[in-house]
Amino acid sequence: MIFPLSDDDRHLLHPAWMTISLVALNILVFLLQQLNPELTYAWSVVPYEISHNVDLVEPVVIDSGLEIPQLPGPTPIYLTLLSSMFMHGGWGHLGGNLLYLWIFGDNVEHRFGALPFLAFYLLSGLAASAAQIMLGPDSVIPNLGASGAISGVLGAYLVLFPRNRVNALIFIRIVSVPAAVVLGFWIVFQLISGSASFSEIGKSGGVAYAAHIGGFVAGVLAGIACRFILREEPDTTFRRIYERQPKVKRYW
């Protein structure tokens with residue numbers, strides 16, 4: 001098991017304010033959920049509601065006999081596609097997601113720019129929800145969490161910074177490995193876990209692996225597009241190092 005702890009941020013020119021803001025917003029929304037638990041069921045994204053354009057307001061009993069609470073949501077109900085990506089199901093869910101966003105978000109933000117990064121983050125989250133909904137359009141299981149959007153960040157990071165070093169915990173040792181190793185392990189795990197869970201979409205809760213994969217693919221495509229559109233390295237410390245040391249192998 002590979003557990004990332006940090007990456008090499010020595011070359012960043014300034015704090016990644018948009019990433020910091022997203023971390024803070026996720027924490028704020030989670031605290032609001034703790035103060036008002038009804039928000040979780042009202043503002044989470046429910047595939048059935050999106051695919052049928054209807055707001056479920058009464059509890060629904062699924063095949064397993066479990067009763068799923070449903071509360072009135074926003075109007076239009078499609079707003080849950082945005083609100084759900086800032087909500088979490090527990091402290092562990094929140095902490096795990098924000099750890100990945102904190103480690104990998106700043107580099108991608110510096111490459112894209114703050115506002116383009118925000119747009120990319122939201123679009124990755126929407127792509128993740130779309131993937132989950134397409135696999136189970138009649139599911140009444142609420143989906144929530146920043147995992148899909150953060151998976152997009154990981155996909156873009158893999159394309160843009162594959163040689164960055166990441167400090168990771170492997171069993172009981174902390175080692176420094178290329179980002180491609182850490183993120184490659186992550187996506188393989190998602191694919192294996194996802195293939196085992198796709199047959200259960202709509203029947204039970206759990207991790208939305210389809211959303212993770214959908215967000216990751218969106219991030220990879222955005223990273224590839226960035227390589228073609230922004231061919232010149234922006235004014236960052238990376239570029240200054242290249243200018244001083246031409247033999248340093250570029251990422252681009």
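Keep in mind the model is a prediction, meaning the values are calculated, not measured.
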Got [X] and [Y] here, is their nearest side-chain heavy-atom distance under 4.5 Å?
X: Gln70; Y: Pro59; value: no
X: Leu39; Y: Trp43; value: yes
X: Pro15; Y: Ile20; value: yes
X: Leu98; Y: Ile27; value: yes
X: Leu122; Y: Leu118; value: yes
X: Phe161; Y: Phe104; value: no
X: Leu160; Y: Asn107; value: no
X: Ser147; Y: His93; value: yes

Within one Ile-Leu-Val-Met-Phe-Trp-Tyr cluster: [X] and [Y], side-chain cutoff 4.5 Å:
X: Leu5; Y: Leu154; answer: yes
X: Leu144; Y: Leu79; answer: no
X: Val57; Y: Leu71; answer: no
X: Val182; Y: Ile174; answer: yes
X: Val60; Y: Tyr41; answer: no

For a quick test of reading the model, state the closest non-hydrogen atom pair linking [X] to [Y] and the distance between them.
X: Thr40; Y: Gln33; value: OG1-NE2, 2.9 Å
X: Val46; Y: Ser139; value: CG1-O, 3.7 Å
X: Arg227; Y: Pro162; value: NH2-CD, 4.3 Å
X: Pro72; Y: Ala42; value: O-CB, 3.2 Å
X: Glu109; Y: Met18; value: OE2-N, 3.1 Å
X: Arg165; Y: Ser176; value: NH2-O, 2.6 Å

> Could you walk me through whether Phe216 and Leu158 pass the side-chain contact (heavy atoms from CB on, under 4.5 Å) check?
Replying inline: CA-CA 10 Å; Phe216 187 85; Leu158 179 61; 3.8 Å; yes
[atom1]-[atom2] distance between [X] and [Y], expressed to the nearest 0.5 angstrom:
X: Leu82; Y: Met87; atom1: CG; atom2: CE; value: 12.5 Å
X: Ser129; Y: Tyr78; atom1: OG; atom2: OH; value: 13.5 Å
X: Leu94; Y: Phe30; atom1: CG; atom2: CZ; value: 5.5 Å
X: His88; Y: Gln34; atom1: NE2; atom2: CD; value: 11.5 Å
X: Leu28; Y: Ser21; atom1: CG; atom2: OG; value: 11.5 Å
X: Ser44; Y: Glu49; atom1: OG; atom2: CD; value: 9.5 Å

>> Checking the side chain of Asn26 only, and the main-chain atoms of Leu22 only, is there a donor and an acceptor separated by less than 3.5 Å?
In response: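 Yes, the answer is positive, given that a donor and an acceptor are paired below the 3.5 Å cut-off.
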> Hey, does the side chain of Ser51 reach the backbone of Pro137 with a donor-acceptor pair shorter than 3.5 angstrom?
Replying inline: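 Between the backbone of Pro137 and the side chain of Ser51 there is a qualifying donor-acceptor contact (under 3.5 Å).
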On the 0 to 90° scale, with breaks at 30° and 60°, tag the [X]-[Y] ring pair as parallel, tilted or perpendicular.
X: Phe86; Y: Tyr121; result: tilted
X: Tyr48; Y: His52; result: parallel
X: Phe112; Y: Phe117; result: tilted

>> Around atom CG of Leu115, are there more than 12 heavy atoms from other residues, nucleotides or ligands closer than 6.0 Å?
In response: no
>> For Asp55, run the side-chain contact (heavy atoms from CB on, under 4.5 Å) check against Ile77, Thr75, Thr80 and tell me which one passes.
In response: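 Among Ile77, Thr75, Thr80, the one that satisfies the side-chain contact (heavy atoms from CB on, under 4.5 Å) with Asp55 is Ile77.
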> Passes side-chain contact (heavy atoms from CB on, under 4.5 Å), Leu81 versus Ile50? Steps please.
Replying inline: CA-CA 9 Å; Leu81 291 168; Ile50 302 301; 4.1 Å; yes
> Do Thr19 and Asp106 get their side chains close enough for a donor-acceptor pair, meaning under 3.5 Å?
Replying inline: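 Result is no, nothing qualifies.
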> Does the side-chain contact (heavy atoms from CB on, under 4.5 Å) test come out yes or no for Asn143 and Ser84, once each step is laid out?
Replying inline: CA-CA 7 Å; Asn143 290 274; Ser84 63; over 6 Å; no
